[in-house]
Amino acid sequence: MKPAYRADIDGLRAIAVLAVVFNHAGFSAFSGGYIGVDIFFVISGFLITSIIAREIEAGEFTLAKFYERRVRRILPALTAMAVFALAASVMLYDSGRLKSFAKSLFATMLFYSNINFWGEAGYFDAPSSLKPLLHTWSLAVEEQFYIVYPLFLYAVYRWARRYVKPILVLSGLASLGFAVSAVSAGNATSAFYLSHLRAWELLVGGLLALNLFPVIRQNKVNAFLGFAGVLMTLFPVLFYTDQTPFPGLAAIPPVLGTALIIYSGGAGRFPVGAALGSPAAVFVGQISYSLYLWHWPLFIFANYYLIRPLNQLETFLLLAVVFLISILSWRFVETPFRSRSFLSARQAFSLGFGALVVLAAAAGAVYRFDGFPQREGGTPLADYLDKEATNHYTDCAGVTEGVKPCLIGDKSQPASFILWGDSHAESLRRPVERAARNNGAAGYFTYKLSCPPLFGVAEDFHAVTQSCAEYNDGVFRYLSLHPEISTVILAARWSFYIEGEYQPPQTTKPLLAGFFPAALQNASYERMVERGLEETVASLLKMKRRVVIVSPVPEIGYDVPSANFIAVRSGRDLNEIIAPSVDEYLARNRKAFAVLDALRDKYDIQVVDPWKALCVDNQCRVAIDGLPVYKDDDHLSLFGSELTTVVFEPIFDGLPQP
């Protein structure tokens, strides 16, 4: 006997999918729309547990029947979307991006894409705007859960039936506890992607299905619980941002809110349930799976081809296309394959797993042959990026006792300077080295990712094994032991630490942690950077060192090599599309220049400006003669960095030798 159909749950699906879609469409009112996935998890746990428990109690449960339903539900629409994404990637992506896509396609078809994307969440990894299958992480979480959960639930029913609910409660609390601990420890990426840290959300739905709480018959109480659930669900959608520590504790309101809506709606049509059960909400809920599958790759490919955010009209037009394709997918792909009159169980398994094998094999072939670089002609972009990657001075990253920074410049001369900073210092290492060599000077180079040379400030944007404070103290100790180093060159992405990520049309704040006196703990980022840099400068001047600060390099907000590839391929000038003007550059870096100007007025220091070599005729170039000036959205490429050699020459003109 099937459970009674609940239209309000389809309405909940509508809320979940619209929250996600509108968030990805860039509507600021839906800044926390990503919690729609959490709503889906609770709904899924509720429905799947209802089916499994009912069949177990009736003696009808089999794994074959369970997975047949999953195959019919998941694979047809997923296969159609994956075929489209593969075709679009072959047409639009360079060989390196296509190879990366193939890796994600393989992971998607084997349902471990969450693990794949979790492993890719590195500092220099491609941005999410280049990953058409990124959204499949949630499908992988569910399917991994459903590999274990039916067997687990069956075993508990068979050998510990009296303790089913307590066991699920304890399992959910353990999963939540681990998730909260991961977020608190700075591992939010793990808590976001990994299935065992998301399992508690599905288990909340499962406990609802097992009637953990008694049914409430009072309509007023149900109405109150329903409204409370709506508020707990909508508040995160409207007020969470990409800076909210999520999931962990922040996931509790939407999860419990969804649970309250499901729980209160089970006793009758209260006002919220009636609204969720309206024809429009139910229809959107019915197409929600296809809508979730199709919206992300369509937005990704549209933005990638245009090399800019969609304007308002384009966004609404694309949304219309997304809804149309989703309706067609639901009507002609999802619906037929769910019917046993259309396909027998054997045919469903054969076609489903056949599709998995074919697409996984296609992905493997693309990956094996490096994305077929012969499609590009000339020098493939992947080769260009590989050359960029091999030029990182990784041995110079970090300073510990007994380890020297790297020697650069004219190595026949004694060292007389040091270049010190974060990854932007690393991207400027080449022109500094060339300028030093041109002037017969040698020096040292050391850097640490995401770590500005600011005394008293640590940047916690990425988990690190050695803190910024420890690293900067190590550099300072090294300088104190080497008085022959007369000049210190400080380079960092100053504006990022002051104002956050430059990624139009939104800005992500940095995560600076101050180690100043308590009065400065709540200071603005600008004040923290100003104070930290002043501490560094004053300490170096006290050591009788000459101080040179490198002003910010123009940031672009787009992955320049990929944007340049599609621009060249489509016959467009990338500079006309995304190159910032000098006015835009100066506006972005206004606070950073204010900090540098204040220090220059107060102390005897020198400031050099790479931007003056990069910006011509009021345009800060991103590509010259088809060559990218950047290797991502803000780090200069080898080619781009060499253009700035001229601004570093004066540092070494007459540099005092030891």
Closest heavy-atom pair and its distance - L479, W420: CD1-CZ3, 4.3 Å
Locate the shortest heavy-atom distance separating L306 from R572; write the atom from each residue and the value. O-NH1, 3.7 Å
Shortest non-hydrogen pair, P580 vs V622, comes out as CD-CG1, 4.3 Å
L596 and side-chain contact (heavy atoms from CB on, under 4.5 Å): which single residue from I605, D609, L533 fits? L533
Side chains of D559 and S562: is there a donor and an acceptor less than 3.5 Å apart? yes
Give me the ring orientation class for F301 and Y93: parallel if the planes are under 30° apart, tilted from 30 to 60°, perpendicular past 60°. tilted
Answer with yes or no whether the side chains of S495 and N589 bring together a donor and an acceptor at under 3.5 Å. yes
Do the side-chain N and O atoms of Y630 and E555 include a donor-acceptor pair separated by under 3.5 angstrom? no
Nearest non-hydrogen partners of C620 and A579, listed with the distance: O-CB, 3.5 Å
For atom CG of D604, decide whether the heavy atoms of other residues, nucleotides or ligands shown that lie under 6.0 angstrom number more than 12. no
Is the closest side-chain heavy-atom distance between F496 and H424 below 4.5 Å? no
Okay, side chain of N114, backbone of Y193: is any donor-acceptor separation there less than 3.5 Å? yes
Assess whether a salt bridge exists between E433 and R430, defined as any Lys/Arg side-chain N lying under 4.0 Å from an Asp/Glu carboxylate O. no
Could you give me the CA-CA distance, side-chain angles and deciding distance for I418 and T487, then say whether side-chain contact (heavy atoms from CB on, under 4.5 Å) is met? CA-CA 6 Å; I418 187 169; T487 298; over 6 Å; no
So, the side chain of S181 versus the backbone of G177: is there a donor-acceptor pair under 3.5 Å, distance only? no
Under a 3.5 Å cutoff, is there a donor and acceptor pairing between the side chains of T241 and S31? no
Parallel, tilted or perpendicular: which fits the ring planes of F192 and W137, with parallel below 30° and perpendicular above 60°? tilted
Between R531 and E535, does any NZ, NE, NH1 or NH2 come within less than 4.0 Å of an OD or OE carboxylate oxygen? yes
Which atom names give the shortest non-hydrogen contact between P610 and V608, and what distance separates them? CD-O, 3.4 Å
Are any side-chain N or O atoms of Y240 and backbone N or O atoms of A250, one a donor and one an acceptor, separated by less than 3.5 Å? yes
Output the distance between atom CD1 (I566) and atom CZ (R97), rounded to the nearest 0.5 Å. 12.5 Å
Check this for me: does any side-chain nitrogen of one of K99 and D94 sit under 4.0 Å from a carboxylate oxygen of the other? no
Test your reading of the model: is there a side-chain donor-acceptor pair from S427 to the backbone of H635, 3.5 Å cut-off? no
Check for me whether R493 meets the cation-pi criterion with Y447, that is, NZ or CZ under 6.0 Å from the six-membered ring centre and within 45 degrees of the ring axis. no
Side chains of S175 and R198 only: does a donor on one sit below 3.5 Å from an acceptor on the other? no
CG of L134 to CZ of F117: how many Å apart, nearest 0.5 Å? 5.0 Å
Aromatic ring pairing F593/W611, orientation class (parallel under 30°, perpendicular over 60°, tilted between): perpendicular
Would you say Y471 and T446 are linked by a side-chain donor-acceptor pair, where the criterion is simply a distance under 3.5 Å? yes
Can you tell me how far the CG atom of L428 sits from the OG1 atom of T645, to the nearest 0.5 Å? 10.0 Å
Tightest non-hydrogen contact, residues N472 and P453, listed as OD1-CA, 3.9 Å
Distance-only side-chain donor-acceptor flag, S412 / D410, under 3.5 Å: yes
Would you say the side chains of T189 and W118 form a donor-acceptor pair under 3.5 Å? no
Using only atom types and a distance under 3.5 Å, with no angle test, would you say the side chain of R434 pairs donor to acceptor with the backbone of G409? no
When you look at CZ of R590, are more than 12 heavy atoms from neighbouring residues, nucleotides or ligands closer to it than 6.0 Å? no
Would you please say whether a donor-acceptor pair under 3.5 Å links the side chains of S104 and N116? no
Would you check if the side chain of D617 reaches a backbone N or O of Q619 as a donor-acceptor pair within less than 3.5 Å? no
May I ask you to establish whether R437 and F652 are in a cation-pi arrangement, using a distance under 6.0 Å from NZ or CZ to the six-membered ring centre and at most 45° from the ring axis? no
From OG (S480) to CG (D473), nearest 0.5 Å: 10.5 Å
What's the verdict on salt bridge (charged side-chain N to carboxylate O under 4.0 Å, His left out) for E534 and R600, showing C-alpha distance, side-chain angles and the deciding distance? CA-CA 10 Å; E534 183 172 1; R600 186 159 43 185; over 6 Å; no
Counting N and O atoms only, with roles assigned by atom type, does the side chain of S581 sit under 3.5 Å from a partner on the main chain of N618, one being a donor and the other an acceptor? no
Using only atom types and a distance under 3.5 Å, with no angle test, would you say the side chain of E649 pairs donor to acceptor with the backbone of V646? no
When you check the gap from the basic side-chain N to the acidic O, do K131 and E120 get nearer than 4.0 Å? yes
Quick check against the 3.5 Å criterion: does T644 have a side-chain atom that pairs as donor or acceptor with the backbone of A613? no
For E426, does its backbone N or O pair with a side-chain atom of S423 as donor and acceptor, under 3.5 Å? no
Mark yes when over 12 heavy atoms from residues, nucleotides or ligands other than D573 sit less than 6.0 Å from its CG; otherwise mark no. yes
Give me the ring orientation class for W296 and H135: parallel if the planes are under 30° apart, tilted from 30 to 60°, perpendicular past 60°. tilted
One pair to check against side-chain contact (heavy atoms from CB on, under 4.5 Å): L574 and V560. What are the steps and the verdict? CA-CA 9 Å; L574 186 63; V560 173; 4.2 Å; yes
Checking side-chain contact (heavy atoms from CB on, under 4.5 Å) for the pair Y444/I408: CA distance, chi angles, key distance, verdict? CA-CA 6 Å; Y444 293 118; I408 62 175; over 6 Å; no
